[in-house]
Amino acid sequence: MRFLPDSHAPSVTVVGFGYVGSCLGVTLAERGLRVTGVDSNRALVDELRDGRCPIPEPGLADAVARLAGSGRFTCTTGYEDAGATDVVVITVGTPVGPDHRIVTDQLEEACKRLATRLRRGQLVVVKSTVPPGTTRELVLPLLERSGLVAGRDFGLAYCPERLAQGSALRQLAELPVVVGGYDPESTAAAVQFWKQALDVPVQTLPGLETAEVVKLASNWWIDVNVALANELAQFCAPHGVDVLDVIAAANALPKGEGRVNILLPSVGVGGSCLTKDPWMAWRAAADRGIALETVETARRVNDAMPTRAGQLIADELAALGKAPAECTVAVLGVAFKSNTGDLRDTPVVGVVDALRATGAAVRLFDPLADPADVEARFGARPVASVEAAVSGVDAIAILAGHQEFHRLDFARLRAEVAMPCLIFDGRMYYPPDTIADLTSLGYRYRGVGR
Ligand SMILES: NC(=O)c1ccc[n+]([C@@H]2O[C@H](COP(=O)([O-])OP(=O)(O)OC[C@H]3O[C@@H](n4cnc5c(N)ncnc54)[C@H](O)[C@@H]3O)[C@@H](O)[C@H]2O)c1
C-alpha cells in the first residue's frame, strides 16, 4: 500500500494532544502502536511526560500513567518526530469566532509546521471538525509547501472524530470511523490504518467534503433533536405529563429504517462541540447564500434552557413557601454533561447566574471537575464533598448526572438539609419509584418537563 507500511504496525504522530488527541493517542498506544503526541502547550506536555494527565476523562489519567516508561508513548512540543512516523493525525482545536466562522489559526500553524517535516509515503489524517472544503482548500496547499504532492507523494484523508466525552475511551474502541480520502490510494490507506489501529468498522465516503459534512450533520441533528426534547418538556409540564413517558412511547414508533428517536431534555447544551459545530455549518451555508434556519432555532431554544432551569428552581422554592433570596441551593455537578469534568461552555454557569439573580446563595460540588477551573468559571470555590454542599440547603440541584450521584442516600441527607427541600433533577432522569420515594421522604421533586 502506497501510504502505509506493509511490513510493520504503523507509528503515529498525533498533532494537538488536547482532549481528542489525548484520548486517541493514548488509545492507539495502549493497543500497541508507537505514538508521538505533539502539542504546543508546554505545561500539558510536561505533565504527560511525567505520566500525569490533566484532561478530565474517565480512564485517561490511568492509561497515561500505565504508558509512562512503556516506550510506546512520547510527548513533545516539537515537530521533529512528525516526519519519522508513518501516519500523522491532526486533532488541533477549531473554534468559531463571534461571526460563527471557523478560526483556523491552530490548523494553519500545525499544517505549516508539519510541511517542514513531511516526507514521501506518509499518510496525513485530519480529524479536527471543519466546514466542507477546508481539507482541500486550506490543509492541502499548506502541506504541499513541503514540495510534496498529495495523492502522489503523501496520502490525505478527512476522518471526523465523533467520540462523546465521558465515554470517549470506550467509544474509540467501538465507533465506526468515517473515511473520506483525497484520492483512492489515500482512502485505501486510511481505511486500512483505522481497521489495523482500532479494529473498528470503517465507512468509506466518496471524498473529503462528504466526510467533513458528516461530522457537522451529526452535531446539527443532535442539537435540533435536543431542542425538540426541551420544547416538548415545556409543553408537557403544565399538563402534568411526564415528558419521559411521552418520549419512551414516541420512540417505540418505527419510522423509515429506524424508529423515532427523541433525545432527552436537560438544563441546556454545552461542551466544545454542540455549541459551535451547528454554527460552523450555518456560517459555511450562509457564505453560499443558504439559510440554515433549524440551526438558529435549535441554538436559541437550547441556549435559553439554563436561565429557564434557574427560574424553575426559584419558582419551586417559592411554591414551598421559601423566598429564593433567603435560600441556599446545592448544585451537584457543574460540568457540561454527565460523567465528565469538562467545564467548557457548561450550561450550569447560566443556571447558577439565574439563581444568583434571584438572590439565592449557591454552593457548588463536582467530583470530576478541577476546583481551580470551577472557581475561574463560577467565581466561587467548590466545596469538597456532597455533605459539605448540602448542609442546611433548601434545594439540591443535580445538574450533571455523574455516576457518584446515583449513590446519593436521600433518606440520610434528610437530616442535613432544610426540609422541605427541593430536589431538582437536571440530568438524573429518576424513575417514578425513586420520585415516589423522594416524595414520601418529604422532598419536593421537580425535573425538566416532569
Ligand atoms: N472535545 C470533543 O468532545 C470533541 C469531539 C469530537 C471532535 N472534536 C473536535 O476535535 C478537535 C479538537 O478538539 P479538542 O476538544 O481536543 O480541543 P482541545 O483544545 O482540547 O485540544 C487542542 C490541542 O491542540 C493544541 N494545539 C493548538 N495548536 C497547535 C499546533 N499548531 N501544534 C500542536 N498543538 C497545537 C492545543 O494546545 C490543545 O492542547 C476540534 O476540531 C473539535 O471540534 C472534539
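First listed ligand is number 1; within each ligand, the first listed atom is number 1.
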For the pair Glu296 and Arg300, find out whether any cationic side-chain nitrogen is under 4.0 Å from an anionic carboxylate oxygen. no
Does Arg344 come within less than 4.0 angstrom of ligand 1, counting non-hydrogen atoms of the residue? yes
Under 3.5 Å side-chain donor-acceptor pair for Glu212 and Thr135: yes
Check: Thr129 N/O within less than 3.5 Å of ligand 1 N/O: yes
Any idea which protein heavy atom is nearest atom 11 (C) of ligand 1, and the distance to it? Val92 O, 3.3 Å
When only distance counts, is Phe17 in polar contact with ligand 1, meaning an N/O pair under 3.5 Å? no
Heavy-atom contacts with Gln165 under 4.0 Å: which atoms of ligand 1 show up? List them by number with element. 1 (N), 2 (C), 3 (O)
Are Asp199 and Lys195 within salt-bridge range, i.e. N to O under 4.0 Å? no
Side chain, backbone, both or neither: Ile55 near ligand 1, heavy atoms under 4.0 Å: neither
Looking only at N/O atoms, are Glu161 and ligand 1 under 3.5 Å apart anywhere? no
Between Glu144 and Asp153, is the side chain to side chain contact (heavy atoms under 4.5 Å, CB included) condition met? List the steps. CA-CA 10 Å; Glu144 287 191 339; Asp153 301 319; over 6 Å; no
May I ask you to test the Thr77-Asp39 pair for a side-chain heavy-atom distance under 4.5 Å? no
In this structure, does ligand 1 have an atom that sits under 4.0 Å from one of the heavy atoms of Lys276? yes
Within a distance under 4.0 Å of any heavy atom of Gly18, pick out the atoms of ligand 1 and give their elements. 16 (O), 20 (O), 21 (O), 23 (C), 39 (O)
Using a strict 4.0 Å cut-off to heavy atoms of Lys215, name the atoms of ligand 1 that fall inside it. 6 (C), 7 (C)
Test: Arg66 and Asp62 ion pair at under 4.0 Å: no
What part of Cys273, side chain from CB on, backbone N/CA/C/O, both or neither, has a heavy atom under 4.0 Å from ligand 1? side chain
State, yes or no, whether a side-chain contact exists between Ile435 and Arg450 at a heavy-atom distance under 4.5 Å. yes
Evaluate Tyr19 for polar contact with ligand 1, using N/O atom pairs at a separation under 3.5 Å. yes
Nearest-neighbour protein heavy atom for atom 10 (O) of ligand 1, which is reported as residue plus atom name and distance: Val20 CG2, 3.6 Å
Could you tell me, atom by atom, which parts of ligand 1 come under 4.0 Å of a heavy atom of Leu163? 3 (O), 5 (C)
Counting from 1, what ligand 1 atoms have a heavy atom of Glu109 closer than 4.0 Å? 31 (N)
Could you check atom 41 (O) of ligand 1 against the protein and tell me its nearest heavy-atom contact, residue, atom and distance included? Thr94 OG1, 2.5 Å
Distance from atom 24 (O) of ligand 1 to nearest protein heavy atom, with residue and atom: Gly16 CA, 3.4 Å
Are Val348 and Phe336 close enough that some pair of their side-chain heavy atoms sits under 4.5 Å apart? no
For atom CZ of Arg34, is the number of surrounding heavy atoms from other residues, nucleotides or ligands below 6.0 Å larger than 12? no
Distance-only polar pair, side chains of Tyr19 and Asp342, donor-acceptor under 3.5 Å: no
For Leu44, take its heavy atoms, then give the atoms of ligand 1 lying under 4.0 Å from any of them. 39 (O)
Heavy-atom distances under 4.0 Å decide this one: backbone, side chain, both or neither, for Tyr79 against ligand 1? side chain
Provide the number and element of each atom of ligand 1 under 4.0 Å from a heavy atom of Ser40. 26 (N), 27 (C), 28 (N), 29 (C), 30 (C), 33 (C), 34 (N), 35 (C), 37 (O)
Whether Lys276 engages the ring of Trp282 as a cation-pi pair (distance to the six-membered ring centre under 6.0 angstrom, angle to the ring normal within 45°) should be assessed. no
Heavy-atom closest pair, residues Val96 and Val103: C-CG2, 3.8 Å
Tell me: protein heavy atom nearest atom 27 (C) of ligand 1, and distance? Gln106 OE1, 3.0 Å
Atoms in ligand 1 with a heavy atom of Gly93 nearer than 4.0 Å: 22 (C)
In terms of the angle between their ring planes, are Phe73 and Phe17 parallel, tilted or perpendicular, with boundaries placed at 30° and 60°? parallel
Within-4.5 Å side-chain heavy-atom neighbours: Val15 and Thr91: no
Considering only the protein, which heavy-atom contact is closest to atom 23 (C) of ligand 1, and what is its distance? Asp39 OD2, 3.5 Å
